[in-house]
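Read the structure below first, then the notes.
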Amino acid sequence: MSEQHGQEDSKGLGKFGTRLIHFGAEIDKATGASSVPLYQASTFHHFSLDNPPEYDYTRSGNPTRQALEDYIAKLEGGTRGFAFSSGMAAISSAFMLLSSGDHVICTEDVYGGTYRLLTSILNRMGIETTFVDMTDIHQVRAALQPNSKAVFIETPSNPTLKITDIAELVSWAKQHELLTILDNTFMTPYHQRPIEHGVDIVLHSATKFLGGHSDLLAGLAVTAAESLGNRMKQIQNGMGNVLGVQDSWLLIRGMKTLQARMEMSEKGARRLAEWLSGQPGIEQVYYPGLPNHPGRDIHEKQSLGYGAVVSFDTGSGERAKKLLSKIQIPLVAVSLGAVESILSYPAMMSHASMPKEVRLQRGITDGLVRYSVGLEDIEDIIQDLEQALGD
Ligand SMILES: *Cc1c(COP(=O)(O)O)cnc(C)c1O
């Protein structure tokens with residue numbers, strides 16, 4: 001692993017776990033209250049016209065949302081954070097940095113919503129995309145065009161957890177003055193901090209691990225450079241797709257336990273991946289922590305852990321469907337990253353609209369399922385899988 005979770009923050013704010021709790025706004029300066037106050041207000045009184053208030057109108061800024069935005073910026077090691085109404089709102093806002101005539105190089109394993117945004121909306125705005133296998137830098141290089149402006153990365157990717165070498169890609173992208181954008185939803189800043197590897201913008205569906213309780217839809221963005229932060233601020237205010245005040249508060253609440261949840265879920269996922277690897281009839285297990293994972297060395301160079309998502313191939317659609325009908329503990333659903341385990345079936349859920357040949361080519365077979373390990377006892381999770389996989 002590239003460094004330890006326990007490494008001190010360069011600004012002297014303590015180790016990651018301490019920063020998660022003591023992030024700066026954890027005590028209300030005015031009253032000493034033990035949580036960030038909910039400023040449930042759309043507008044702010046001008047006590048003096050000569051001296052306008054710090055906050056003016058909630059779309060442009062709100063103290064509760066600001067506390068969240070500063071919090072994620074601190075955790076990712078960036079200069080500025082932004083909270084949006086969903087992960088897709090954060091992702092689409094980042095793409096608003098581009099203009100008509102620009103070209104994007106994007107990982108072919110990108111989240112389905114991002115794929116739809118690029119191929120059915122941004123294409124109409126004159127933004128063109130080439131999808132490549134980002135585990136292969138040669139494919140990335142070959143996709144370069146004179147109008148290329150940005151590279152969009154997801155590592156580990158979904159659902160087969162392929163690994164992209166962040167530093168290698170960033171150093172190439174910088175030579176060509178391309179903006180680098182990374183969707184860090186699967187890892188969270190607890191396990192991976194892309195800005196430390198030179199990435200310009202980090203994005204999150206905070207609906208997943210950061211929120212952590214399947215009760216909230218939210219997106220976050222963090223910019224590395226101050227100038228990029230100013231441009232994102234203009235886009236966020238101009239698009240108006242900000243996160244509401246109550247949801248900002250709820251997300252802060254969820255994020256405080258990020259380390260405790262990630263640590264336990266990751267431990268469970270490691271155990272689950274090992275167990276699955278020894279099961280007859282399981283054709284393939286995808287988890288970056290397994291010794292036979294092709295991207296393991298690269299992942300270890302750039303990350304602090306392997307995450308809580310394990311995908312595996314049960315061998316056939318029939319077997320997968322039987323498993324889904326017999327399983328007891330996890331929620332059978334799309335989404336991931338919650339206190340409860342979530343089992344999804346990509347072929348019929350997240351990747352149902354993908355042409356079958358393309359799906360199979362990417363390893364998303366009819367037998368593939370994705371397990372997001374929650375906080376249940378891992379031995380119960382394994383026992384439940386054992387009964388559901390049995391005859
Ligand atoms: C869920 C998800 C998104 C989209 O986020 P929403 O909050 O659902 O809009 C984007 N990227 C990844 C990797 C995701 O898992």
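Throughout, residue positions are numbered sequentially from 1 according to the sequence presented. Order of listing sets the numbers, starting from 1, for every ligand and every atom in it.
Close to ligand 1: Asp183, with a non-hydrogen atom less than 4.0 angstrom away.
Ion pairing between a basic and an acidic side chain is recognised when a charged N comes within 4.0 Å of a carboxylate O; Glu177 and Lys149 show no such pairing. We find that Arg359 and Asp366 are joined by a salt bridge, their nearest charged nitrogen and carboxylate oxygen being less than 4.0 Å apart. Ion pairing between a basic and an acidic side chain is recognised when a charged N comes within 4.0 Å of a carboxylate O; Glu318 and Lys322 show no such pairing.
An N or O contact shorter than 3.5 Å links Met88 to ligand 1 by distance. Considering backbone and side-chain N/O of Lys208, one or more are found under 3.5 Å from N/O of ligand 1. When only interatomic distances are considered, the shortest N/O to N/O separation between Gly87 and ligand 1 falls below 3.5 Å.
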From CA spacing to verdict: side chain to side chain donor-acceptor pair (under 3.5 Å), Asn184, Glu154: CA-CA 7 Å; Asn184 203 27; Glu154 230 179 281; over 6 Å; no
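In this structure, the protein non-hydrogen atom closest to atom 7 (O) of ligand 1 is Thr207 OG1, 2.6 Å. Nearest protein neighbour of atom 4 (C) of ligand 1, counting heavy atoms only, is Tyr111 CE2, 3.3 Å. Nearest protein neighbour of atom 5 (O) of ligand 1, counting heavy atoms only, is Ser205 OG, 2.9 Å.
Here the CG atom belonging to Leu243 is positioned 9.0 Å from the CG atom belonging to Leu217, to the nearest 0.5 angstrom.
Against a heavy-atom cut-off of under 4.0 Å, Glu154 is close to the following atoms of ligand 1: 13 (C). Residue contact check: Ser86 has heavy atoms under 4.0 Å from atoms 7 (O), 9 (O) of ligand 1. If you number the atoms of ligand 1 from 1 as listed, the ones under 4.0 Å from a heavy atom of Ile91 come out as 10 (C).
The aromatic ring centroids of Tyr190 and Phe209 lie 6.0 Å or more from each other. Taking the six-membered ring where the residue is Trp, the centroids of Tyr287 and Phe312 are separated by 6.0 Å or more.
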